[in-house]
Amino acid sequence: MNPSIKQEERIISLDIIRGFALFGILLINVGAYKIITDGSLIPDYHGMNQIIGNLIDIFIEKKFFSIFSFLFGAGFYIFASRAESRGDKPRWRFIRRLLSLLLIGIIHFIFFWGSILYAYAIIGFFLVPFYRAKVLTISKWLGGLITIYILSQLLGIFAPDMGVISNVIAFFGNDIITIFIMFLSGFLAAKANWFRKISDLSIQIRRLQIITFPLFVVFSTWIWFALQDNDQHIQKIIALGTIPTTYLYLSTMFLMLENKRVAKLLQPIARVGQMAFTNYWAQSFIGLAIISLMGLEFVSPINIVIISIIIFTIQIIYSVIWFKFFKMGPLEKVWRFMTYGRRTASNGK
């Protein structure tokens, strides 16, 4: 979400990946658009519905929100550093940006209980102290947090009854920590300027793939069997595989997007990512409208896929057309105004 970046300055791969992240988020959120009232009997899905539901849990659940979080962290550093280059106060400007996001997020939460925007704003404040930190310092913090997170998940699975300590373990193993880890990962990548040196870092990126791919296979297999056995720790197992899988997805996409033909082919997806704020907000309203038109009492996994494809297709068409006439999305413009004020919003600085 970087509406203040001029088109020629944008890193297109970030927009494309952000667009794909929005589609993955759709596959998770669509099922939550329809609120299930008390006393409703949730269907026990079998056959293709069960397979699709399991595949979403294995390949999508928590992973695409994590990609989105990574890009948010990267966006923070890009935004703040460019604000500083203009003579602005980077941390103060980003705090104002977060406060604006918090307000917009609260409004969105009123309409969709699963909105992540207000949480992003709150967690984002913990990034502010890292703005002046060195790359090595950030790397140490990131490594420490990942270690604590993994240990917390393992203890939650294999030693769940540890009294008061279990509350501490639960805190360090929850989704808030996952989001912040990915915030910090993206922030580190942007601060180290890795996004503009993907080709130069191809060997290191492939090493990351060599490390994360076996972990991805192990956790995917574990999740599959846990789903078949209705394992009570399924959410912790999914969470345990989230970080390596997200790193694998990101490293693979960044390498693929070094191919100019691939990047050009996916330019419409970039347009969706370029106005990610607007599209994320709009997804819930479009989804609710489609579910209502279809008259669905429950949204099955098959319907989730169908509705997600419909919404994303609409957003691709809308985003491509929008950028033929405007330089940023409508909510991005509102967010920019709230961040900078009337004078700066109007003069395009």
To the nearest 0.5 Å, how far apart are [atom1] in [X] and [atom2] in [Y]?
X    : Y    : atom1 : atom2 : answer
I304 : L26  : CD1   : CG    : 10.5 Å
W335 : T339 : CH2   : OG1   : 6.5 Å
D15  : Q274 : CG    : CD    : 5.0 Å
L266 : R261 : CG    : CZ    : 14.0 Å
F312 : I317 : CZ    : CD1   : 11.5 Å
R96  : D88  : CZ    : CG    : 9.5 Å

Hey, any chance [X] and [Y] share a hydrophobic cluster, counting ILVMFWY side chains that come within less than 4.5 Å of each other, even indirectly?
X    : Y    : value
W222 : F225 : yes
V218 : I157 : no
M256 : L71  : no
I107 : L101 : yes
L151 : W141 : no

How about [X] and [Y]: are their ring centres within less than 6.0 Å of each other?
X    : Y    : value
Y149 : F172 : no
H233 : F158 : no
F72  : F183 : yes

Check [X] against [Y] and note the closest heavy-atom contact, atom names and distance.
X    : Y    : value
S13  : F254 : OG-CE2, 3.7 Å
L117 : G105 : CB-CA, 3.6 Å
A133 : K191 : O-CE, 2.6 Å
I116 : Y280 : N-OH, 2.9 Å
W281 : I104 : CZ3-O, 3.2 Å
P301 : G53  : CB-N, 3.8 Å

Could you tell me whether a side-chain N or O of [X] sits under 3.5 Å from a main-chain N or O of [Y], the two making a donor and an acceptor?
X    : Y    : value
S292 : A289 : no
N174 : I177 : yes
N279 : M275 : yes
W113 : A32  : yes
S185 : I181 : yes
E332 : T278 : yes
D175 : T178 : no
T245 : T242 : no
S220 : V217 : no

Side chain to side chain, [X] and [Y], heavy atoms closer than 4.5 Å:
X    : Y    : answer
F337 : S100 : no
I243 : S66  : no
V30  : Q283 : no
F323 : Y318 : no
Q153 : I237 : no
T313 : I310 : no
L188 : W194 : yes
Y120 : S69  : yes

[X] atom [atom1]: more than 12 heavy-atom contacts under 6.0 Å:
X    : atom1 : value
K62  : NZ    : yes
I165 : CD1   : no
F125 : CZ    : yes
K89  : NZ    : no
W322 : CH2   : yes
I110 : CD1   : yes
F195 : CZ    : yes
W92  : CH2   : no

Give a yes-or-no answer on whether the side chains of [X] and [Y] include a donor-acceptor pair shorter than 3.5 Å.
X    : Y    : result
Q204 : R207 : no
S284 : Y33  : no
Y131 : S81  : no
Q209 : T252 : yes
Y249 : T212 : no

**Request:** Report yes or no: is the cationic atom of R18 (NZ for Lys, CZ for Arg) under 6.0 Å from the centre of the six-membered ring of F68, at an angle within 45° of the ring normal?
**Result:** no
**Message:** Set out, in order, the CA-CA distance, both residues' side-chain angles and the distance that settles side-chain contact (heavy atoms from CB on, under 4.5 Å) for I179 and F65, then state yes or no.
**Reply:** CA-CA 8 Å; I179 291 171; F65 270 118; over 6 Å; no
**Item:** Parallel, tilted or perpendicular, as decided by the 30° and 60° cut-offs, for the rings of F76 and F94
**Value:** tilted
**Message:** Looking at R132 and E84, is there a salt bridge between them, counting it only when a charged N and a carboxylate O are closer than 4.0 Å?
**Reply:** yes
**Request:** Walk me through it: do I198 and L201 pass the test side-chain contact (heavy atoms from CB on, under 4.5 Å)?
**Result:** CA-CA 5 Å; I198 299 296; L201 296 170; 5.6 Å; no
**Asked** Passes side-chain contact (heavy atoms from CB on, under 4.5 Å), F23 versus V272? Steps please.
**Response** CA-CA 10 Å; F23 180 66; V272 176; over 6 Å; no
**Fill in**
With L27 as partner, the option from I307, I52, I309, V305 fulfilling side-chain contact (heavy atoms from CB on, under 4.5 Å) is V305
**Asked** Going through the checks in order, is the ring pair (Phe, Tyr, Trp, His ring centres under 6.0 Å) test met by H108 and Y118?
**Response** CA-CA 9 Å; H108 190 221; Y118 75 94; 9.8 Å; no
**Asked** Step by step, would you call M294 with V299 a side-chain contact (heavy atoms from CB on, under 4.5 Å)?
**Response** CA-CA 10 Å; M294 293 175 69; V299 187; over 6 Å; no
